[in-house]
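This is a predicted model, so every value here is computed, not measured. Values reported hereafter were calculated over all heavy atoms of this structure, with side chains retained and with hydrogens, waters and symmetry mates removed. Nothing fancy with the numbering, it's 1 onward along the sequence.
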Amino acid sequence: MSPATRSGSTRKVAVVGVALSDCGRVDEATPYTLHAQAARRALADSGLARDVIDGIASAGLGTLAPVEVAEYLGLRPRWVDSTSVGGATWEVMAAHAADAIAAGHANAVLLVYGSTARADIKARRRTSNLSFGARGPLQFEVPYGHSLIAKYAMAARRHMHEYGTTLEQLASVAVQARTNAATNPDAMFRDPITVDEVLDGPMIADPFTKLHCCIRSDGGCAVLLVAEDYVADCASEPVWVLGAGEHVSHTTMSEWDDFTVSPAAVSGRLAFGRAGVTPGEIDVAEIYDAFTYMTLVTLEDLGFCEKGEGGPFVEKGRLLRGGGLPTNTDGGGLSAQHPGMRGLFLLVEAVRQLRGQAGEGQVRRADGTLPELAVASGTGGWFCSSGTVVLGR
């Protein structure tokens, strides 16, 4: 089948292939290897042939990321995206790809990522970075030791000051993520933890102890989006892209209007509005969680609770797989895997949940049926960017 490219038309867009590469501790692979593993597995998941792919989106590898990755994969795409806005990159790319497919500029777009962030440090091929650089606007913050984690920590402290959010409430986010990871065979850490263990860990950046922070792993994943014309030939049930939104807020902390509001407040509103659904209708949420505070404040900004009520919302077990809003059902970046820009993993898990392919970690609605709606929301930088995608069966 070779659907015609219909310039100016609007086509429905579906995710038909998702996969992870080897993840966790992967010492004998290159980032290119992980890209290829994930791409091959996602294509196999879709049941389509490689030659249907006419678009590719990639970031974070090489000098010319999508060009080098496409060549390594043996692809010659006519649509590319190299958007790089940190952890939100992949939700933003998914939005761009969906727009391109809907408009007829591409028929099948592969989003692919891979990183050996953990292995590179262990092998001393790189060191841990304290900042993203010291040029441009960042030059006014870096000399004072204002690292990425310190920026998140400051934001968390502000939320605690404004709304009375407690360390125990933040710690409960990590505990619930670990509980969700327990039944995920791909999760790097699966042993249970307690609130006290989170609070008693080594301090990284006040108020964050070690378990408030994401893990560092190796890994990759891929997502294949196609025009509705291809769905009949796919091996898996399609998951439809219903709506998406993106937003950038700031880069210097002095330009951030309110430390307690993330850019998801805008991207989420756009995504839900374009999808024609409300937060109350969502069955599963996959949210970027480099730090516990990210989960809490993003839940607020997406509209799952009122501003300032994130603490009480998360402490009642709502994020557990059997809770009121199953969130980061694979264990998230806090327990499952975090090889760098983790946003693409959010889309993979959301699709698996909607398809009913999450194994022991499968979410079911109160009546025993599979979830119908999911949201994936990525955050980049230090709450600098956000991309939100609403998916449905």
Side-chain angles (χ1 to χ4, degrees), residues 159 163 165-187 189-198 211-212 214 264 268 272 277-336 345-377 379 388 390-393:
H159 199 280
Y163 301 110
T165 306
T166 68
L167 286 173
E168 289 79 8
Q169 290 168 341
L170 290 172
S172 74
V173 174
V175 171
Q176 291 173 81
R178 182 63 63 87
T179 302
N180 288 342
T183 54
N184 175 14
D186 293 317
F189 294 96
R190 301 172 64 186
D191 293 336
I193 56 175
T194 66
V195 168
D196 285 342
E197 287 174 322
V198 177
L211 292 176
H212 280 285
C214 66
F272 287 128
V277 303
T278 66
E281 297 175 81
I282 296 296
D283 298 308
V284 178
E286 307 298 340
I287 292 173
Y288 208 97
D289 60 340
F291 307 100
T292 53
Y293 175 62
M294 293 177 73
T295 304
L296 184 148
V297 77
T298 304
L299 287 167
E300 291 181 347
D301 292 335
L302 291 178
F304 292 112
C305 59
E306 294 297 322
K307 176 56 61 181
E309 295 182 2
F313 184 86
V314 301
E315 72 179 344
K316 300 184 184 300
R318 285 192 176 93
L319 313 186
L320 295 173
R321 197 171 293 111
L325 181 66
T327 299
N328 295 342
T329 47
D330 62 346
L334 292 169
S335 287
F345 289 84
L346 309 181
L347 293 168
V348 172
E349 177 65 11
V351 169
R352 286 179 169 176
Q353 287 290 344
L354 293 176
R355 285 179 174 177
Q357 296 176 332
E360 290 184 60
Q362 182 61 53
V363 170
R364 292 194 175 272
R365 306 172 84 187
D367 60 2
T369 59
L370 292 175
E372 294 186 357
L373 292 171
V375 64
S377 189
T379 302
T388 302
V390 178
L391 301 167
R393 288 195 291 118

Provide the closest heavy-atom pair for Leu302 versus Pro279 in the form atom of the first, atom of the second, distance.
-> O-CG, 3.2 Å

Determine the minimum heavy-atom distance between Gly356 and Leu370, stating which atoms define it.
-> CA-CD2, 3.6 Å

For residues Thr329 and Glu349, determine if any side-chain heavy atom of one lies less than 4.5 Å from a side-chain heavy atom of the other.
-> yes

Got a donor-acceptor contact below 3.5 angstrom from the Glu300 side chain to the Gly308 backbone?
-> yes

N/O donor-acceptor pair under 3.5 Å between Arg365 side chain and Glu372 backbone = no

Between the OG1 atom in Thr327 and the CG atom in Leu296, the distance rounded to the nearest 0.5 Å is 11.0 Å

Taking side chain as C-beta onward, heavy atoms only, is Gln176 less than 4.5 Å from Ser172?
-> yes

Thr194 backbone acceptor or donor facing Glu197 side chain under 3.5 Å = yes

Mind checking the OH-CD spacing from Tyr163 to Glu309? Nearest 0.5 Å is all I need.
-> 10.0 Å

Check: Ser335 main-chain N/O paired with Arg178 side-chain donor or acceptor under 3.5 Å | no

Side-chain heavy-atom pair Leu319, Thr295 within 4.5 angstrom cut-off | yes

Kindly write out the residues that satisfy ring-ring contact (aromatic ring centres under 6.0 Å, His included) with Tyr293, not counting sequence neighbours, or none if the list is empty.
-> His159, Phe383

Measure from the side-chain N and O atoms of Gln169 to the backbone N and O of Thr165, and report whether any donor-acceptor pair falls under 3.5 Å.
-> no

At their closest point, which heavy atom of Gln353 faces which heavy atom of Gly361, and how far apart are they?
-> NE2-O, 3.0 Å

Flag side-chain contact, heavy atom, 4.5 Å: Ile282 against Phe304 | yes

Work out which heavy atom in Thr379 is nearest to a heavy atom in Met294; give both atom names and the distance.
-> CB-CE, 3.5 Å

Taking it one step at a time, do Asp367 and Thr369 satisfy side-chain hydrogen bond (donor to acceptor under 3.5 Å, both in side chains)?
-> CA-CA 6 Å; Asp367 60 2; Thr369 59; 2.6 Å; yes

Indicate yes or no: at least one non-hydrogen side-chain atom of Thr278 is less than 4.5 angstrom from one of Phe272.
-> no

Sequence-distant partners of Tyr288, ring-ring contact (aromatic ring centres under 6.0 Å, His included), two or more places apart | His338

Taking all non-hydrogen atoms of both residues, which atom of Val284 and which atom of Pro371 are closest, and how far apart?
-> CG2-CB, 3.9 Å

To the nearest 0.5 Å, how far apart are CG in Leu170 and CZ in Phe291?
-> 12.5 Å

Any sub-3.5 Å donor-acceptor pair from Asp289's side-chain atoms to Asn328's backbone N or O?
-> no

Residues at least two apart in sequence or cross-chain that pass side chain to side chain contact (heavy atoms under 4.5 Å, CB included) with Asp186, listed by chain then number, are Leu20, Asn184, Arg352

Shortest non-hydrogen contact from Gly331 to Asn180?
-> N-CB, 4.1 Å

Run the side-chain hydrogen bond (donor to acceptor under 3.5 Å, both in side chains) check on Arg321 and Thr183 step by step: do they pass?
-> CA-CA 10 Å; Arg321 197 171 293 111; Thr183 54; 3.0 Å; yes

Would you mind reporting whether Leu354 and Leu391 have side-chain heavy atoms less than 4.5 Å apart?
-> yes

